[in-house]
Structures are given as C-alpha cells and as structure tokens.
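Remarks on the structure that follows.
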Amino acid sequence: MYPMSIKERWQNWSGSVAFTPGEIEKPRDEEQVRQVVLRAKKEGKQIRVVGAGHSSVPLVVSDHIVMSLERLKGLVNHFPATNQVAMLPGTDIKEAGELLIQKDLSMHNTGDVDLQFIGGAFATGTHGSGRKLQNLSGMITGCRLIDGQGEIHEIDGSDLHQLNAAKVSLGALGIITQFTLQTVPAEKVVRQEFWARVDACMESLDGLIAGNRMFDFYWYPRNDLVKLRICNPIDDKVERPAYAVPAKEDQKGFLYQILPQERSLKFEEMEYLLPFEAGPACFQEIRKRVKEKHRHYVGWRILYRTIAADEVYLSPSFSRDSVSISVLQNVDLEYQSYFDDIEPIFRAHGGRPHWGKKHSLTAEEIRGLYPRWDDFMQLRREFDPDGIFLNDYLKQILDT
Ligand SMILES: Cc1cc2nc3c(=O)[nH]c(=O)nc-3n(C[C@H](O)[C@H](O)[C@H](O)COP(=O)(O)OP(=O)(O)OC[C@H]3O[C@@H](n4cnc5c(N)ncnc54)[C@H](O)[C@@H]3O)c2cc1C
C-alpha cells in the first residue's frame, strides 16, 4: 500500500537547518514517486527531495511535501562489459562501496564522509580530491528523472545537453529515481598522512598534486602546520616527502574502506572552488587573514583539495581544473562573521560556492560564474513549468 504521509520535525546534519514539513513521503518505487508528483501538481503543492541531510543550506526546506528516497536503495543492474551499474538514489556512499566491491568495482573517488545518499551527493557536485579526478557526478552516464509533469525522462549520452544539466541539478529539474554509473575496477590503495611546515608544503605543492592519485592538505591555524593526506594504488612507488614526518600508520585497503572518515564533532563549513592556478594565492591570503584576525577563536583547520574539470552545467568545476578551499567552524561557536570575512577573498579569486555548503550568494551573483547557466535554466522551465520543485531558497539562487 501507498505509505501514509506523516508529520515529523526535520533537521540537517549540523542542526543549522530545521523545519517541520507539511508532509513527508517515503515512496517505495518509481511509480509511487510519480504519483506524489502528479498529486502535488494537481493540488498546487511543492516537493523537495531530501538525501541524507548533509547540506547546510536550505535546499530541502518546504512546508509542503518533503520526499525521502531512503527506501529506494541498492544495485539494480550490472553491465560487466563496461563496468557500469544501475543504482538507486537512496543508496548511501558506504553502501555503494560495499555493493560495488562484490562485483570487484569501485567509485573513482569519495568525499571525506560516506553517509550522503548518492542522489544527494551528485546533486550538489560533491567531490573528493585528485588532480585528474572529477567530482562524483562524473560517474553518471545516464539517469531516470521524473519531471514536474510526472513524465519520466530516460537521459543518457545521446542527449548531452540533458545529461550535463541533470548531473548536478539540486533537485530543481525533477526527481532522479535511478542512475547509470561508470565505475572502475577495484584496487587496493594505501593512505598516508604526514605533518609538514606550511612553507615546505606550498613550495612542493605542484609535485604533491601531480605525483599522487589523491592528495589534499589540512592547514591548522593554531600551530601553522599542515597535515598532508596522500592516497595511491598500493603497488605505486611513492616517495615520502623528505621534509615531512608520518602523522599516523599507513592504512591499506579498498578506497571505500579507508578514504571516508568518521566525523563526530559537528561543524559548519563554507567552501569555494577556484581556478586551479588561483589556489595557492587564495590560500595564502586566507591564511594571513585567519592568523591576523580569527586565530584566537577559530581552531578548526582549513582544507585544500583539487578537482578535475568537467562539462556539467552547474558543476563548480565546469570547464576548469579546480582547487577547493574549505573553512570550518564548530557548530557551537560563532561562524557567520568568520565566513563573512573570508568569502570576499574567495570571490576575488573567481570562486564558485559549493552548492551544499554555507555561502551568501544569490542568482544575480552566481549567474556570471556559469557559462551554461541559461541552458540549465531553460531546461528547468521546460521540465518544471509550474515550479513544483522550487522552494524559497532555490528561487533565490536560481533564475526561475
Ligand atoms: C560531515 C560532512 C562531510 C562532507 N564532506 C564533503 C566532501 O568531502 N566533499 C564535498 O564536496 N562535500 C562534502 N559535504 C557536503 C555534502 O556532500 C553535500 O552537501 C551533499 O549534497 C549531501 O548529500 P545528502 O545525501 O545529504 O543530500 P541532501 O543534503 O539531503 O540534499 C542535497 C540536494 O540533493 C537533492 N537530491 C537528493 N536526492 C535527489 C534525487 N534523487 N533527485 C534529485 N535531487 C535530489 C536535494 O533536493 C538537495 O537539493 C559534506 C557534508 C558534511 C555534513
């Protein structure tokens, strides 16, 4: 039977977004998703789909219908000849890793945690780090999407316009009920962590980025040291940087087992993606500002990562290899004035905000950052002419 609608208080991972939806729907299959869309259209209601609630901006807030796809999870097909799989959107990243390893397959990368649903992670351009590795939506070769009229679109590489719009789409084009994903053969990797002086890291940054499959670093404002995090296939011969000292024992295993971390301390985060070349200067400017102004109350580290360019219309790495820089603050401490002070530095270096994290931009300021913006907005109007997937926040950050 169709699930009963229930009223529940909803809040995101960090607790900074909380509301009571008018209704919560938890459909069991694609047809039930479609029926909710048809009902919403008939009743003039709005629907926001929610993943694992790890975004810290109000993407999913609605006092009409909030739909969780937590019951749509698992692997539904495997195509051994191409290493592609069909997977449901409510599968979380950890489950995806566990399902894929049974077929000797892997995602090409993960972010820092593995609790996000794949549907939610793709929708905001979630990424890990690696000079040649695109964000996670780079895996998508096709999807099934239900638009605002209740129509099902089977999108694949034969229509690159729709595919490049759908990969990172914030739930604004419609509800994705299935993905086809390009995976890679599973291989064991080794992850190493080292302490180093920040100057030594910055002097050898290009080599660190080019010489490792995955590389990122944390800078610690209090002691001005960096922690280098490096991950490579286990058989690669990678030299330890001479200036660095091991921070912990090497970890060996499959990517999904060792890359994601447990995060028990809750934080708020602002992250921007910058043109690759702008990364070092932007980081140094932020470091200087933090040391001068914020170090006495901000103990949280700053994270520096790299992401390969793609052609996805709303991907923050659209058409440019990118560096991402994240600033974090404990949820119990004041973060807004810190973020407000740092954000203009990101913007002066051509940054595009991470769609799932704190930022202050509106459509007017974001529009010029995305060359294929109008193409996305036109498709959005075609797929959802009545705006049933638009909440107040999306109306602020998109052209409607
Ligand atoms: C502790 C923590 C660690 C993080 N680490 C990283 C990291 O390493 N790298 C990084 O880039 N980001 C990171 N993030 C940000 C996070 O990955 C993104 O905010 C991501 O979108 C969250 O996924 P979710 O499943 O929680 O989706 P939600 O936050 O619940 O939703 C995100 C968006 O996806 C849409 N959506 C979800 N499912 C569908 C669907 N089936 N069809 C259409 N739209 C859909 C929603 O409508 C919403 O717009 C982190 C966040 C936290 C809290």
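Atoms within each ligand, like the ligands themselves, are counted from 1 in listed order.
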For ligand 1, is any non-hydrogen atom under 4.0 Å from [X]'s backbone (N, CA, C, O), its side chain (CB onward), both, or neither?
X	result
Arg48	side chain
Arg305	side chain
Phe117	both

Assess [X] against [Y]: is NZ or CZ under 6.0 Å from the centre of the six-membered ring, and within 45 degrees of the ring's axis?
X	Y	answer
Arg372	Phe318	no
Arg131	Phe276	yes
Lys94	Tyr256	no

Just so I know, are the side chains of Lys252 and Ile258 near enough to count as touching, which here means a heavy-atom distance under 4.5 Å? no
Do Trp300 and Phe267 make the cut of ring centroids closer than 6.0 angstrom?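 They qualify: ring centres under 6.0 Å apart.
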What about the rings of Tyr218 and Trp195, do their centers lie closer together than 6.0 Å?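 That pair fails the under 6.0 Å test.
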Backbone N or O of His108 within a donor-acceptor pair of the Ser106 side chain at under 3.5 Å?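 No; judged by distance alone, with no hydrogens or angles, the pair does not exist.
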So, does Trp373 use its side chain to make a donor-acceptor pair with the main chain of Tyr313 at under 3.5 Å? no
Check: Val113 N/O within less than 3.5 Å of ligand 1 N/O: no
Any nitrogen or oxygen of Gly111, side chain or backbone, less than 3.5 Å from one on ligand 1? no
Among [options], which residue places a heavy atom closest to [atom]?
atom	options	value
atom 45 (C) of ligand 1	Ala172, Ser326, Ser68, Gly119	Gly119
atom 35 (C) of ligand 1	Gly174, Ala123, Cys143	Ala123
atom 41 (N) of ligand 1	Leu115, Ile176, Leu259, Leu59	Ile176
atom 16 (C) of ligand 1	Thr126, Val50, Leu394	Thr126

Mark the output for [X] as yes if a heavy-atom distance to ligand 1 is under 4.0 Å, and as no if none is.
X	value
Phe389	no
Ser324	no
Lys357	yes

Numbering as shown, the atoms of ligand 1 that approach Gly356 to under 4.0 Å (heavy-atom distance):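 In order of numbering, the contacting atoms are 19 (O).
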